[in-house]
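Worksheet: the structure to be examined is printed underneath.
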Amino acid sequence: MEPFDFCVGECGSIDRYLADRIYEFNVGATSYADGESFAAVRRDESGAIVAGVSGYTWGGCCYVANLWVSEPLRARGVGRALLAAAEQHAKARGCRVVFLSSHSFQAPGFYEKMGYVRQASIADHPVGYSNIVFAKRLAQEKAG
């Protein structure tokens, strides 16, 4: 067997290539071909990103991969507004549920206050802490 070409550090193009191949497989297995990445940011006067959210929608689900608010803006409603914007985007895309994860030292209490329910906790990720998976069912709009 040939040795692996191992990448350390900036491996974005490899990661994107692998994600695309997995997406192709998943589409074939499920017939859901509606995957779409999203991101929303807030910038300061100089154009630097000071808060943001990113993730993807696919197959009636939304996954929030990253939600970050710079220290000076925390506890001022910015995280709440970003998460609400992601949920609105998910609803517009026909999603029924939003998933995300938070380490025990990050913001699990914030997500619980936002209506997210713990689905699983993975101990020692990282060692000494937990990775907590959350889900929130989105209210479906009633047809008129």
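Just so you know, these numbers come straight off a predicted model, no measurement behind them.
- Here the CG-CD distance, from Leu83 to Gln88, works out to 11.0 Å after rounding to the nearest 0.5 Å.
- Between Leu138 and Glu87, some side-chain heavy-atom pair lies under the 4.5 Å cut-off.
- Contact of the Arg93 side chain with the Asp34 side chain is registered, since non-hydrogen atoms from C-beta on lie closer than 4.5 Å.
- Taking both residues in full, the closest heavy atoms of Phe38 and Ala86 are given as CE1-CB, 3.9 Å, listed atom of the first, atom of the second, then distance.
- Under the 4.5 Å side-chain heavy-atom criterion for Ile, Leu, Val, Met, Phe, Trp and Tyr, Tyr23 and Val64 are members of distinct hydrophobic clusters.
- Taken to the nearest 0.5 Å, the OG atom of Ser70 stands 8.5 Å off from the CG atom of Asp44.
- Put simply, the side chain of Val117 reaches to within 4.5 Å of the side chain of Gln119, judged on heavy atoms.
- Counting heavy-atom neighbours within 6.0 Å of Arg42 CZ, excluding the residue itself, gives a total of 12 or less.
- A distance of 5.0 Å separates OG1 of Thr57 from NE2 of His89, quoted to the nearest 0.5 Å.
- Between Tyr32 and Trp58, the two ring planes are perpendicular [angle over 60°; tilted spans 30° to 60°].
- No side-chain heavy atom of Cys61 sits under 4.5 Å from any side-chain heavy atom of Cys95.
- Below 30°, between 30° and 60°, or above 60°: for Tyr129 and Phe105 the angle between ring planes is above 60°, a perpendicular geometry.
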**Study point:** Derivation of the side chain to side chain contact (heavy atoms under 4.5 Å, CB included) call for Val133 and Arg118
**Key:** CA-CA 6 Å; Val133 178; Arg118 289 176 187 237; over 6 Å; no
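- Taking 4.5 Å as the limit, every side-chain heavy atom of Phe99 sits out of range of all side-chain heavy atoms of Cys62.
- Atom CG of Leu67 is separated from atom CG of Leu100 by 8.5 Å, given to the nearest 0.5 angstrom.
- Inter-residue side-chain proximity for Leu82 and Trp68 is flagged as unmet; no heavy-atom pair is nearer than 4.5 Å.
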**Study point:** Working for side chain to side chain contact (heavy atoms under 4.5 Å, CB included), residues Phe134 and Ser102
**Key:** CA-CA 8 Å; Phe134 291 93; Ser102 178; 4.1 Å; yes
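- Annotation: the span from Met114 atom CE to Arg80 atom CZ amounts to 7.0 Å, rounded to 0.5 Å.
- Judged by the 6.0 Å and 45° rule, Arg21 forms no cation-pi pair with Phe25.
- The aromatic rings of Tyr56 and Tyr63 sit tilted relative to each other, their planes meeting at an angle between 30° and 60°.
- By the 4.5 Å heavy-atom criterion applied to side chains, His103 and His125 are counted as neighbours.
- Taken to the nearest 0.5 Å, the CD1 atom of Ile132 stands 9.5 Å off from the CD atom of Gln106.
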Point to revise | Derivation and outcome, side chain to side chain contact (heavy atoms under 4.5 Å, CB included), residues Arg74 and Val78 | key: CA-CA 7 Å; Arg74 291 183 188 158; Val78 176; over 6 Å; no
